[in-house]
J.: 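Structure in C-alpha cells, see below.
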Amino acid sequence: MKVLLYGYGLMGKKVAHQLREKDEFDLIGVVSYEFDEKAPEAMYSNLTEVQDRADVIIDFSHPNNLDDILAYAKKNKTKIVFATTGFSKEQLDKIEEASKEIAISNLIIQALEFKWSLRS
C-alpha cells in the first residue's frame, strides 16, 4: 500500500518509522511545510508537488491543511486517516461531506467515541 504522510513532527516521525518497518507499506513521501531533519523518502512542502498517487494519506499535520488534503484525495481517490486535532465544526462538516466520495477515518473522533462508550 502506497502511503503519503502529511506532517513530520514528533508523531509523524514515529509513524514514518513504523511504516518503514512494515513490508506491506510503501512510504512514498512526506509532506511538511518545515523539516527539522531529512527523511529518507521524497520530501514535499505541499501536496501539489506530489506526482505519485498514494493509496492513503495519514495526516498528522494541522487543520489548516484540510482543504489541500481533501482536494488531493478526491482527485486521486485516496483514502485518508486523520490524526490531527483542532478541526472546527465547519471543517468537520467538510470531512463528513467528503466521506461520501472517499474513505476517511478520523482517529481522534474514534478515540473519543470509544472513551465515551466506556462511560456508559
Side-chain angles (χ1 to χ4, degrees):
M1 176 180 290
K2 290 183 175 184
V3 179
L4 186 61
L5 180 61
Y6 203 129
Y8 205 57
L10 178 64
M11 290 305 296
K13 289 175 189 161
K14 289 178 186 267
V15 170
H17 175 74
Q18 292 299 314
L19 291 170
R20 291 178 193 122
E21 299 290 314
K22 308 288 184 199
D23 290 336
E24 62 267 29
F25 297 111
D26 178 16
L27 183 56
I28 62 169
V30 179
V31 181
S32 184
Y33 70 92
E34 180 177 74
F35 288 92
D36 61 356
E37 66 183 51
K38 185 164 175 37
E41 300 77 25
M43 298 181 348
Y44 306 100
S45 61
N46 61 64
L47 283 170
T48 59
E49 297 174 356
V50 178
Q51 298 299 311
D52 204 356
R53 185 191 162 281
D55 297 310
V56 65
I57 296 173
I58 300 176
D59 176 40
F60 271 96
S61 66
H62 189 275
N64 289 347
N65 299 317
L66 177 65
D67 291 338
D68 291 339
I69 292 168
L70 292 178
Y72 175 92
K74 287 180 184 179
K75 177 183 171 189
N76 294 289
K77 303 295 183 214
T78 301
K79 299 170 185 73
I80 306 171
V81 176
F82 285 113
T84 299
T85 60
F87 288 118
S88 68
K89 168 79 168 91
E90 178 185 335
Q91 288 172 315
L92 290 172
D93 290 344
K94 285 182 182 182
I95 292 170
E96 185 175 341
E97 186 63 30
S99 71
K100 296 174 183 173
E101 297 177 49
I102 52 176
I104 296 177
S105 177
N106 189 326
L107 295 180
I108 304 306
I109 290 176
Q110 290 174 348
L112 288 173
E113 287 172 347
F114 178 73
K115 180 179 174 183
W116 294 328
S117 72
L118 294 176
R119 291 182 182 171
S120 300

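From a predicted model like this one, the values you see are computed outputs, not experimental measurements.
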J.: For Y33, does the OH atom have more than 12 heavy-atom neighbours from other residues, nucleotides or ligands under 6.0 Å away?
T.: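 Counting neighbours around OH of Y33, 12 or fewer heavy atoms of other residues, nucleotides or ligands fall under 6.0 Å, so no.
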J.: Do K13 and D36 touch side chain to side chain, with heavy atoms closer than 4.5 Å?
T.: yes
J.: I need the D23 CG to E21 CD distance, nearest 0.5 Å.
T.: 9.5 Å
J.: Kindly give the heavy-atom pair with the smallest separation between Y44 and G29, and that separation in Å.
T.: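 Of all heavy-atom pairs spanning Y44 and G29, the closest is CE1-CA, 4.1 Å.
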J.: With no hydrogens and no angle check, is any side-chain donor or acceptor of Q91 less than 3.5 Å from a backbone partner on L66?
T.: no
J.: For E96, does the CD atom sit with more than 12 other heavy atoms under 6.0 Å from it, leaving out its own atoms?
T.: no
J.: Would you say that D52 contacts L4 through its side chain, given a criterion of any heavy-atom pair below 4.5 Å between the two side chains?
T.: no
J.: Which heavy atom in P40 sits nearest to a heavy atom in R20, and how many Å separate them?
T.: CD-NH2, 3.4 Å
J.: Atom NE2 in H62, atom CD1 in I69: separation rounded to 0.5 Å?
T.: 11.5 Å
J.: So, the side chain of T84 versus the backbone of D59: is there a donor-acceptor pair under 3.5 Å, distance only?
T.: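 A pair under 3.5 Å: yes.
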J.: Do you know the tightest heavy-atom contact between I80 and A73?
T.: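 Minimum heavy-atom contact is CD1-CB, 3.5 Å.
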J.: Would you name the heavy atoms of I95 and N106 that are closest together and state the gap between them?
T.: CD1-ND2, 4.5 Å
J.: Would you call the rings of F87 and F82 parallel, tilted or perpendicular, where under 30° means parallel and over 60° means perpendicular?
T.: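 It falls in the perpendicular class, over 60°.
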J.: A quick test of your reading: do over 12 heavy atoms of other residues, nucleotides or ligands sit less than 6.0 Å from CD of E24?
T.: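 More than 12 heavy atoms, drawn from other residues, nucleotides or ligands, come within 6.0 Å of this atom.
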J.: Of all the heavy-atom pairs spanning Y8 and K38, show the shortest one and how long it is.
T.: OH-O, 4.5 Å
J.: Could you measure the distance from the CG atom of L5 to the CD1 atom of I28? Nearest 0.5 Å is fine.
T.: 11.0 Å
J.: A98 and L70: which non-hydrogen atoms are nearest, and at how many Å?
T.: CB-CD2, 3.7 Å
J.: To the nearest 0.5 Å, how far apart are CG in D26 and CG in D55?
T.: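 Going from CG on D26 over to CG on D55, the span is 9.0 Å.
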J.: Can you tell me how far the OG1 atom of T48 sits from the CG atom of D68, to the nearest 0.5 Å?
T.: 7.5 Å
J.: Working to the nearest 0.5 angstrom, can you tell me the gap between N46 CG and Y6 OH?
T.: 6.5 Å
J.: Taking side chain to side chain donor-acceptor pair (under 3.5 Å) as the cut-off, I'd like each qualifying pair that reaches into residues 70-82, sequence neighbours left out, listed once.
T.: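 Listed once each, the pairs would be none.
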J.: I'd like to check the side-chain contact (heavy atoms from CB on, under 4.5 Å) partners of D67; sequence neighbours left out, ordered by chain and number.
T.: K94
